[in-house]
Amino acid sequence: MRPGPPRTMGGVTADARSSRPEARKPLRERTESELARKRRARKIDRLLAEAHPDAHCELDYANPLELAVATILSAQCTDVRVNLTTPALFARYRSAADYAEANPEDVEAIIRPTGFYRNKTRSIIGLGKALVEHHGGELPRGMDELVKLPGIGRKTANVIRGNAFGVPGITVDTHMIRITNRLGLVSGKDPVKLEFAIQKLIEPREWTMFSHRIIFHGRRVCIARKPACGACSIAALCPSFGEGPTDPAEAAKLLRGDNIPDLLRLAGVEDAVDA
């Protein structure tokens, strides 16, 4: 490992950050006003936009109905697995009426790899029937209407609205809960409370993309068991800095994805990590 120049984070070098000088109290020890928290949240969003410019919904779909079904399947399942499963499903069932009339055993056979396939089958067939009976076979756009449909809660509704209809929304999944708590932007695990709390911090037009950026950050950098603190571009804004390794070389080993060089550059540690 080659020693590099001191890393600057928010006007403070990495060495100064790790030594926690008395002149600059750690974020966790400071009282933060609501305005300061909002400013910090929006700066975090801007930095995440630089770190994850490719952030997007990773479920494959061609229309709102396909996105709704894919999101139902994604519960307790990876997006990769869902995307491997949905082509056969979408080829056989193309409309709400197709799902409404589907044989449960046939649907179960296709979606079995996604887990909890019986419950998911009931939700998907129930969704098809509800859409045919109450919405002319089309997925509604309104939150109140969506959450009344089988298999769709606020999280799924925000995914649908934000990605299929262009209506901004905060998607509160496990990544959002974990990371926004680590960042000290919110406190608690209640999805609905966190959704509204985060809405107050982030500009409405950014809600959907903020959700994607947080998810990408959670998968690539702020990993659940051991976050890559020493290679994180928002470390200076995080009160949980130090939960993971702070040494850049050690932290770099934890990074995931295909843009690791960019992540290291944005964190200011590319010179401290072996090529």
Side-chain angles (χ1 to χ4, degrees), residues 52 54-132 134-143 145-177 191 195 207-220 257:
H52 310 290
D54 55 338
H56 63 282
C57 177
E58 294 189 285
L59 293 171
D60 294 337
Y61 66 96
N63 54 59
L65 177 60
E66 288 188 359
L67 178 57
V69 171
T71 307
I72 290 172
L73 294 178
S74 71
Q76 304 297 313
C77 182
T78 66
D79 290 350
V80 172
R81 172 55 62 187
V82 172
N83 290 339
L84 291 172
T85 303
T86 51
L89 187 70
F90 294 162
R92 182 163 182 173
Y93 305 102
R94 298 181 177 276
S95 67
D98 290 340
Y99 287 111
E101 298 169 1
N103 182 321
E105 293 182 357
D106 293 338
V107 176
E108 288 176 4
I110 296 174
I111 70 170
R112 183 184 292 266
T114 68
F116 302 96
Y117 59 92
R118 290 193 178 91
N119 287 337
K120 292 178 180 179
T121 294
R122 283 194 290 270
S123 293
I124 292 170
I125 292 177
L127 172 64
K129 291 179 178 179
L131 292 178
V132 170
H134 304 293
H135 300 283
E138 299 294 326
L139 209 66
R141 295 179 177 232
M143 175 64 76
E145 294 171 305
L146 283 170
V147 296
K148 293 177 182 177
L149 296 170
I152 297 182
R154 290 191 65 88
K155 183 186 82 170
T156 300
N158 276 317
V159 171
I160 296 167
R161 280 159 57 84
N163 295 283
F165 295 134
V167 180
I170 297 291
T171 300
V172 181
D173 67 352
T174 55
H175 293 293
M176 181 68 78
I177 293 171
E195 178 187 341
W207 288 349
T208 298
M209 286 309 303
F210 179 72
S211 300
H212 291 321
R213 291 163 190 155
I214 286 288
I215 291 171
F216 269 57
H217 190 64
R219 289 174 175 168
R220 294 174 169 180

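If you read the sequence from its start, that first residue is 1, and numbering goes on from there.
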Does Cys57 form a side chain to side chain contact (heavy atoms under 4.5 Å, CB included) with Leu67? I'd like the steps, not just the answer. CA-CA 10 Å; Cys57 177; Leu67 178 57; 4.1 Å; yes
List the steps, then state whether side chain to side chain contact (heavy atoms under 4.5 Å, CB included) holds for Ile124 with Thr121. CA-CA 5 Å; Ile124 292 170; Thr121 294; 5.9 Å; no
Where do Ile160 and Ile152 land on the side chain to side chain contact (heavy atoms under 4.5 Å, CB included) test, with the steps shown first? CA-CA 10 Å; Ile160 296 167; Ile152 297 182; 4.0 Å; yes
Before you tell me yes or no, could you show the steps for Lys129 and Tyr99 under side chain to side chain contact (heavy atoms under 4.5 Å, CB included), namely the whole-Å CA-CA distance, both residues' side-chain angles and the distance that decides it to 0.1 Å? CA-CA 7 Å; Lys129 291 179 178 179; Tyr99 287 111; over 6 Å; no
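Formation of a donor-acceptor pair under 3.5 Å by the Asn83 side chain with backbone atoms of Glu58 is found in this model. Looking only at distances, no side-chain donor or acceptor of Lys155 sits under 3.5 Å from a matching main-chain atom of Pro191. Side-chain atoms of Arg161 come within 3.5 Å of backbone N or O of Arg141 as a donor-acceptor pair.
Contact between Thr85 and Pro113 at its shortest, heavy atoms only, is OG1-CB, 4.1 Å. Of all the heavy atoms in Ser211 and Gly169, the pair that sits closest is OG-O, 3.5 Å. Closest heavy-atom contact between Ile170 and Asn158: O-ND2, 3.0 Å. Residues Ala96 and Leu65 come closest through the heavy atom pair N-CD2, 3.5 Å. What you find for Phe90 and Asp60 is that their closest heavy atoms are CE1-O, 3.8 Å. Nearest heavy-atom pair across Val132 and Ala100 is CG2-CB, 4.3 Å.
Note: Arg219 CZ to His52 NE2 = 11.5 Å, rounded to the nearest 0.5 Å. Rounding to the nearest 0.5 angstrom, the gap separating the CZ atom in Arg118 from the CD atom in Glu105 is 9.5 Å. Atoms CG and OG1, from Leu84 and Thr78 in turn, are 7.5 Å apart once rounded to the nearest 0.5 Å. Rounded to the nearest 0.5 Å, atoms CZ (Arg81) and OG1 (Thr114) are 9.0 Å apart. Between atom CH2 of residue Trp207 and atom CD of residue Glu195 there is a gap of 8.0 Å, rounded to the nearest 0.5 Å. Taken from CG in Leu73 to NZ in Lys120, the straight-line distance is 6.0 Å, to the nearest 0.5 Å.
Using a 4.5 Å heavy-atom cutoff, the side chains of His212 and Asn163 are in contact. For the pair Val147/Arg154, a side-chain contact is recorded, criterion being any heavy-atom separation below 4.5 Å from C-beta on. Two residues are said to be in side-chain contact when any heavy atoms from C-beta on lie closer than 4.5 Å; Tyr93 and Val69 fail this criterion. The shortest side-chain heavy-atom distance between Asn63 and Glu66 falls under the 4.5 Å cut-off. With contacts defined as side-chain heavy-atom distances shorter than 4.5 Å, the pair Ser74/Leu59 qualifies. Counting heavy atoms from C-beta outward, Pro150 and Arg122 have side chains that stay 4.5 Å or more apart. At a threshold of 4.5 Å between non-hydrogen side-chain atoms, the residues Thr86 and Tyr61 do not count as touching. In this structure, Leu139 and Leu127 have side chains that are in contact, with non-hydrogen atoms separated by less than 4.5 Å.
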